[in-house]
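Report on the structure given below.
For clarity, every value in this text was computed on a predicted model and none was experimentally measured. Both backbone and side-chain heavy atoms feed into the values below; hydrogens, waters and symmetry mates do not.
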Amino acid sequence: MNKRVTLRSSLPLLLLLLIFLLATAVLLQVFAAAWSMSRSATDTNNAVQLCRNAAEAFAQSGDGVQTAAALGGSAFPLYMDKSLACVPAGQAVYRLDLETDDSRGLQTACFSVYRGETCLYTLTTQFYQREAQP
């Protein structure tokens, strides 16, 4: 028994294959977008955590060098890996910068976290410096 395959008999299979390929393409785009959003959320969460830790350390010391030491580095900018540990610049995922201003007894610190050249998060904190009592 020889069955001949004709265009008319294979048309439903081709249509089903086309629908399957279109659905696969749509799902791949959805998963790629979800992966990108997940990475972005992870980066933002890590940046917020880095800035909060740095602000707390700076509030205790009031000095950039001591803040860097409390975070595991020696001086700003600090370079961090995915686990938020200090690493050499070539191995870093994140860069934490510090800008300070000490005017009129108000200490201002601005912490910024970068991934490459993109700023992920910036935190500015201020505290009043009490004058030393004799």
Side-chain angles (χ1 to χ4, degrees):
M1 292 193 150
N2 278 341
K3 267 193 163 182
R4 236 175 120 195
V5 178
T6 64
L7 182 61
R8 180 178 267 184
S9 65
S10 63
L11 191 59
L13 289 175
L14 289 174
L15 186 61
L16 188 60
L17 180 64
L18 179 65
I19 292 171
F20 175 76
L21 290 174
L22 287 173
T24 302
V26 169
L27 287 175
L28 282 174
Q29 289 181 346
V30 167
F31 283 122
W35 178 82
S36 176
M37 288 172 55
S38 173
R39 178 180 170 191
S40 176
T42 300
D43 283 346
T44 302
N45 288 338
N46 286 341
V48 169
Q49 183 178 355
L50 272 172
C51 284
R52 287 177 63 190
N53 291 346
E56 289 174 9
F58 189 81
Q60 289 178 355
S61 68
D63 178 48
V65 174
Q66 290 178 2
T67 301
L71 296 173
S74 57
F76 283 95
L78 295 177
Y79 297 96
M80 308 285 194
D81 62 5
K82 288 182 182 180
S83 65
L84 306 182
C86 284
V87 294
Q91 301 171 359
V93 176
Y94 305 109
R95 183 182 84 234
L96 176 64
D97 289 340
L98 168 65
E99 294 179 24
T100 60
D101 181 26
D102 184 13
S103 59
R104 296 180 302 238
L106 187 64
Q107 182 78 19
T108 303
C110 181
F111 296 96
S112 300
V113 176
Y114 295 86
R115 182 177 185 126
E117 295 301 316
T118 304
C119 183
L120 299 174
Y121 188 76
T122 298
L123 174 71
T124 301
T125 183
Q126 297 178 330
F127 64 93
Y128 178 72
Q129 288 182 327
R130 296 183 197 150
E131 294 182 21
Q133 300 289 328

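- A donor and an acceptor atom, one from each side chain of Asp43 and Tyr94, are located under 3.5 Å apart.
- Asp81 is linked by a salt bridge (charged side-chain N to carboxylate O under 4.0 Å, His left out) to nothing, counting only residues two or more places apart in sequence or in another chain.
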- Message: For a side-chain contact (heavy atoms from CB on, under 4.5 Å) check, start with the C-alpha distance between Phe76 and Asp97, then their side-chain angles and the critical distance, and finish with the verdict.
- Response: CA-CA 6 Å; Phe76 283 95; Asp97 289 340; 5.9 Å; no

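- The heavy-atom pair separating Gly64 from Leu98 by the smallest distance is CA-CD2, 3.8 Å.
- Rounding to the nearest 0.5 angstrom, the gap separating the CG atom in Leu21 from the CG atom in Leu16 is 10.0 Å.
- In terms of heavy atoms, Arg95 sits closest to Gly116 at NH1-O, 3.8 Å.
- Using modelled atom types, one side-chain atom of Thr24 and one backbone atom of Phe20 make a donor-acceptor pair closer than 3.5 Å.
- We find the CG-CG distance between Leu120 and Leu96 to be 11.0 Å, quoted to the nearest 0.5 Å.
- Of all heavy-atom pairs between Cys110 and Thr122, the closest is SG-CG2, 3.5 Å.
- The two atoms that bring Leu71 and Cys86 nearest to each other are O-SG, 3.5 Å, heavy atoms only.
- Under a 3.5 Å cut-off, the side chain of Thr44 and the backbone N or O of Ser40 do form a donor-acceptor pair.
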- Quick one: do Asn46 and Leu50 satisfy side-chain contact (heavy atoms from CB on, under 4.5 Å)? Show the steps, please. CA-CA 6 Å; Asn46 286 341; Leu50 272 172; 5.6 Å; no

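- At a threshold of 4.5 Å between side-chain heavy atoms, the hydrophobic network of Ile, Leu, Val, Met, Phe, Trp and Tyr places Tyr79 and Leu84 in two separate groups.
- Aromatic ring pairs are classed by plane angle as parallel below 30°, tilted from 30° to 60° and perpendicular above 60°; the pair Phe58 and Phe111 is perpendicular.
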- Task: Tell me, with the steps shown, if Val93 and Met80 meet side-chain contact (heavy atoms from CB on, under 4.5 Å).
- Result: CA-CA 6 Å; Val93 176; Met80 308 285 194; over 6 Å; no

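- Minimum interatomic distance between Ala54 and Thr67 (heavy atoms only, all atoms of both residues): O-CG2, 3.6 Å.
- Within the 3.5 Å criterion, the main-chain N or O of Ser38 finds a donor-acceptor partner in the side chain of Thr42.
- Within a 6.0 Å sphere centred on CD of Glu99, heavy atoms belonging to other residues, nucleotides or ligands number 12 at most.
- The CG atom of Asn45 lies 10.5 Å from the OH atom of Tyr121; values are rounded to the nearest 0.5 Å.
- The two residues Gln66 and Ser61 come nearest to each other via the heavy atoms OE1-CB, 3.1 Å.
- If you take CG on Leu13 and CG on Leu18, they are separated by 12.5 Å, rounding to the nearest 0.5 Å.
- Residue Leu15 shares its hydrophobic cluster (ILVMFWY side chains chained together at separations under 4.5 Å) with Ile19.
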